[in-house]
Amino acid sequence: MNAATDSFAARLAAIVGRAAVITERSALDPYETEWRGRYHGRARLVVRPASTEEVAAVVRLCAAENIAIVPQGGNTGLVEGQIPDESGEQVVLSLARMNRIRTIDPLDFTMTVEAGCVLRTIQEKADDADCFFPLSLGAEGSCQIGGNISTNAGGVGVLRYGSTRALVLGLEVVLPDGTIWDGLKSLGKDNTGYDLRQLFIGAEGTLGIVTAAVLKLFPKRQDVQTALVALADLETALPLLKRARAISSDRVSAFELLPRMGIEFATTYLPGVADPMVQPHAWYALMDLSTSRPGDSLRETMESLLADAIEAGEAVDAVISGSIEQQRALWRIREELPEAMRKSGAVLHHDVSVPTSDVATFIRRALAAVEAAHPGARCLPFGHLGDGNIHFSICPPVGADDDAFYQAEHRITPLVFDTAVDLRGSFSAEHGIGRLKLDELDRYKRPIDLDLMRRIKLALDPRNLMNPGKVVRVGNR
Ligand SMILES: Cc1cc2nc3c(=O)[nH]c(=O)nc-3n(C[C@H](O)[C@H](O)[C@H](O)COP(=O)(O)OP(=O)(O)OC[C@H]3O[C@@H](n4cnc5c(N)ncnc54)[C@H](O)[C@@H]3O)c2cc1C
């Protein structure tokens with residue numbers, strides 16, 4: 001550590017305490033490396049404030065010193081937004097110590113939480129209050145609500161409850177100059193001009209630091225029925241979803257697509273995972289029906305729905321979970337599939353969306369394009385079919401060299417993105433832009449969109465000190 005960093009660290013320590021400023025190289029490492037281990041930045045130091053006032057004081061000090069800040073939550077983001085650049089100049093501001101549930105109001109169906117609360121803790125606290133918080137994703141044991149808000153996280157409940165944007169009623173944000181913006185309202189309706197909170201949701205830390213939020217809760221779920229359905233074909237997935245929504249009075253709360261290869265990766269790389277069906281099938285849907293009404297006989301609804309779907313030629317087989325353990329086992333296949341692929345070696349992830357009715361067309365076209373360009377590459381299109389959001393992951397051919405595969409990324413990835421964009425889709429449905437997808441943003445966004453984004457960024461952060469080099473390029477970064 002040089003003398004300048006030393007004196008800066010001492011001034012930060014005066015705000016947050018010595019133990020909350022990390023400067024030792026070995027201790028910085030976890031904050032500099034992202035989940036997949038593909039990218040490693042270099043931080044000047046890490047600061048861990050414990051209150052909104054401390055965050056504001058840290059931001060003011062950094063602004064005075066012209067030092068850029070990278071906000072970091074649970075570090076599960078998949079586009080490198082939470083990792084500093086290689087300069088060794090940027091400060092990582094970790095929200096991990098801001099982890100208090102401030103209030104829960106079960107009559108208002110709201111909960112006020114600090115940004116560093118881990119998503120699973122929020123789900124559990126809502127449950128304790130006889131309520132339900134529907135945001136749910138594979139990283140929920142480590143991602144933080146501040147990170148979820150800043151990425152406008154999606155997950156498996158979007159079909160019924162919307163993405164994070166729909167679940168946030170109010171926000172508290174420290175702006176790039178250190179001002180605290182208190183927008184912690186719990187109003188269902190508030191048409192008093194621009195909806196400022198929406199600016200910060202999905203901004204990936206480029207417009208300010210989210211320090212707290214008012215979240216929307218729902219009645220506690222009394223019954224959840226899960227089924228893994230073997231589809232007759234990819235094209236029968238949507239008719240099955242339509243049928244399920246109609247028969248269940250719109251109580252479908254998740255509808256996820258899995259290809260055969262997904263089951264094979266899960267059974268090969270995840271300990272204790274077995275194929276739930278005797279026969280292999282090309283495509284599966286993992287579906288939840290849920291209700292907040294006691295005695296709703298959802299099991300019978302699920303059984304008759306699946307019987308009808310098989311008779312109509314939409315499905316060919318199904319397994320309904322008989323216990324919470326079986327339910328978890330079925331969901332493990334879906335939720336831990338990214339982990340299974342990671343264990344297998346190289347993998348290229350693409351998180352795209354298309355109009356839901358075009359999902360099958362997108363998958364067929366993208367499969368053909370990748371196979372033609374890279375024969376033998378193993379494609380795993382899976383995920384949130386009900387939202388038109390497919391994670392189109394690609395692993396190298398069996399036995400191929402991982403590094404050589406990564407070198408072909410610039411040829412393979414546009415095949416998937418172009419196919420989605422041709423169908424009026426998006427090249428980033430829920431993971432964001434970060435620094436990983438800046439080139440795609442320049443390529444696929446219209447100039448007018450980029451211009452508006454830059455104008456908003458510069459209006460709030462004229463010196464580009466808040467997570468620079470992420471989401472939108474400004475000046476030379
Ligand atoms: C196994 C796995 C499954 C996943 N599944 C999904 C999924 O289904 N749907 C989905 O949308 N995502 C998914 N993700 C991606 C990731 O979990 C989400 O993006 C999550 O919302 C990030 O939260 P985090 O706390 O880890 O944020 P981080 O990774 O720490 O940060 C993400 C971004 O938000 C910014 N940020 C973090 N906290 C704050 C704050 N308090 N104020 C301002 N900016 C902040 C960071 O600077 C960065 O740009 C998955 C990731 C993994 C590893």
request  = Output, in order, the C-alpha distance, side-chain angles, deciding distance and verdict of ring pair (Phe, Tyr, Trp, His ring centres under 6.0 Å) for His374 and Phe405.
outcome  = CA-CA 9 Å; His374 212 88; Phe405 184 68; 5.5 Å; yes
task = Could you go through the ring pair (Phe, Tyr, Trp, His ring centres under 6.0 Å) check for His431 and His349 one step at a time?
result = CA-CA 10 Å; His431 294 164; His349 293 278; 7.8 Å; no
message = Assess the residue pair Glu86 and His40 against the criterion (side-chain contact (heavy atoms from CB on, under 4.5 Å)); give the C-alpha distance rounded to whole Å, side-chain angles, the decisive distance to 0.1 Å, and a yes or no.
response = CA-CA 8 Å; Glu86 298 84 352; His40 199 106; over 6 Å; no
request  = Go through the steps for Asp288 and Ser290 under the test side chain to side chain donor-acceptor pair (under 3.5 Å), then give the verdict.
outcome  = CA-CA 6 Å; Asp288 269 359; Ser290 60; over 6 Å; no
request  = Take Gln82 and Glu34 through the test side chain to side chain donor-acceptor pair (under 3.5 Å) and record every step on the way to the result.
outcome  = CA-CA 8 Å; Gln82 70 280 15; Glu34 48 90 50; 5.8 Å; no
task = Could you go through the ring pair (Phe, Tyr, Trp, His ring centres under 6.0 Å) check for Phe132 and Phe218 one step at a time?
result = CA-CA 5 Å; Phe132 175 60; Phe218 293 82; 7.2 Å; no
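Within 6.0 Å of the CZ atom in Arg245, the count of heavy atoms belonging to other residues, nucleotides or ligands does not exceed 12. Heavy atoms of other residues, nucleotides or ligands lying less than 6.0 angstrom from NZ of Lys216 number 12 at most. Atom NZ of Lys242 has 12 or fewer neighbouring heavy atoms from other residues, nucleotides or ligands inside a 6.0 Å radius.
In this structure, Arg11 pairs ionically with Glu65, as a charged nitrogen and a carboxylate oxygen lie closer than 4.0 Å. With respect to Arg365 and Asp418, no salt bridge is recorded, no charged nitrogen being found less than 4.0 Å from a carboxylate O. Salt-bridge annotation for Arg342 and Glu339: present, with a side-chain N of the basic residue lying under 4.0 Å from a carboxylate O of the acidic one. Salt-bridge check for Arg455 with Asp451: passed, with a basic side-chain N closer than 4.0 Å to an acidic carboxylate O. Ion pairing between a basic and an acidic side chain is recognised when a charged N comes within 4.0 Å of a carboxylate O; Asp127 and Lys220 show such pairing. At a threshold of 4.0 Å, the pair Glu32-Arg42 does not count as salt-bridged, since none of the basic side-chain nitrogens sits closer than that to a carboxylate oxygen. Between Asp195 and Arg197, at least one side-chain N (NZ, or NE/NH1/NH2) sits under 4.0 Å from a carboxylate O, which counts as a salt bridge.
Looking only at side-chain heavy atoms (C-beta outward), Glu204 and Val79 come within less than 4.5 Å of each other. For the pair Pro381/Pro259, a side-chain contact is recorded, criterion being any heavy-atom separation below 4.5 Å from C-beta on. Between Phe133 and Leu135, some side-chain heavy-atom pair lies under the 4.5 Å cut-off. Counting heavy atoms from C-beta on, the side chains of Arg435 and Tyr39 come closer than 4.5 Å. Using a 4.5 Å heavy-atom threshold, the side chains of Arg102 and Val113 count as separate. In this structure, the side chains of Leu385 and Leu238 come closer than 4.5 Å at one or more pairs of heavy atoms. Side chains of Phe382 and Met341 form a contact here, defined as non-hydrogen atoms less than 4.5 Å apart. Looking at heavy atoms from C-beta onward, Arg48 lies in side-chain contact with Tyr31 at the 4.5 angstrom threshold.
Side-chain contact, Thr179 with Asp177: a donor N or O sits under 3.5 Å from an acceptor N or O. A side-chain N or O of Thr413 and one of His350 form a donor-acceptor pair less than 3.5 Å apart. In summary, the side chains of Gln222 and Ser292 do not present any donor paired with an acceptor at a separation below 3.5 Å, with no hydrogens or angles considered. Judged purely by distance below 3.5 Å, without hydrogens or angles, the side chains of Gln327 and Thr226 pair a donor atom with an acceptor atom. Under 3.5 Å, the side chains of Ser393 and Arg378 contain no donor-acceptor pair of N or O atoms. Checking Ser163 against Glu430 by side-chain atom types alone, no donor-acceptor pair falls below 3.5 Å. Inspection of the Thr103 and Thr112 side chains reveals an N or O donor paired with an N or O acceptor under 3.5 Å.
Side chain of Arg100 to main chain of Glu114: no donor-acceptor pair is present (N/O by atom type, distance under 3.5 Å, no hydrogens or angles). Of the possible donor and acceptor atoms, one in the side chain of Lys470 sits under 3.5 Å from a partner among the backbone N and O of Gly81. Not one N or O on the side chain of Thr121 forms a donor-acceptor pair closer than 3.5 Å with the backbone of Cys117. Side-chain atoms of Asp351 never come within 3.5 Å of backbone atoms of Ser428 as a donor-acceptor pair (strictly under, hydrogens ignored). Judged purely by atom type and a 3.5 angstrom limit, Lys457 uses its side chain to pair as donor or acceptor with the backbone of Thr206. Looking only at distances, a side-chain donor or acceptor of Tyr406 sits under 3.5 Å from a matching main-chain atom of Val347. With hydrogens and angles disregarded, no donor-acceptor distance shorter than 3.5 Å links the side chain of Ser136 to the backbone of Gly157. No donor-acceptor distance shorter than 3.5 angstrom exists from the side chain of Glu336 to the backbone of Arg332, with no hydrogens or angles considered. Using modelled atom types, one side-chain atom of Asp461 and one backbone atom of Met466 make a donor-acceptor pair closer than 3.5 Å.
Interatomic distance, Leu217 CG to Lys125 NZ, rounded to the nearest 0.5 Å: 13.5 Å. Ile363 contributes atom CD1, which lies 11.0 Å from atom CG of Asp358 (distance to the nearest 0.5 angstrom). Here CD1 of Ile149 is found 9.5 Å from CG of Leu167. Values are rounded to the nearest 0.5 Å. We find the CD-CG distance between Glu256 and Asp387 to be 7.5 Å, quoted to the nearest 0.5 Å. Interatomic distance, CG of Leu228 versus CG of Leu330, reported as 6.0 Å (0.5 Å rounding). The CG atom of Asn389 lies 11.5 Å from the CG atom of Leu159; values are rounded to the nearest 0.5 Å.
The shortest heavy-atom contact between Pro176 and Ala63 is O-CB, 4.1 Å. Closest approach of Thr419 and Ala366 over heavy atoms only: CG2-N, 3.9 Å.
With Ser186 as reference, Asp108 is the one residue of Leu215, Asp105, Asp108 to meet the side-chain contact (heavy atoms from CB on, under 4.5 Å) rule. Tested against Gln90 for a side-chain contact (heavy atoms from CB on, under 4.5 Å), the candidates Val70, Leu465, Ile83, Asn467 yield a single pass: Val70.
Classified by interplanar angle (parallel below 30°, tilted 30° to 60°, perpendicular above 60°), the ring pair Phe362/Phe392 is perpendicular.
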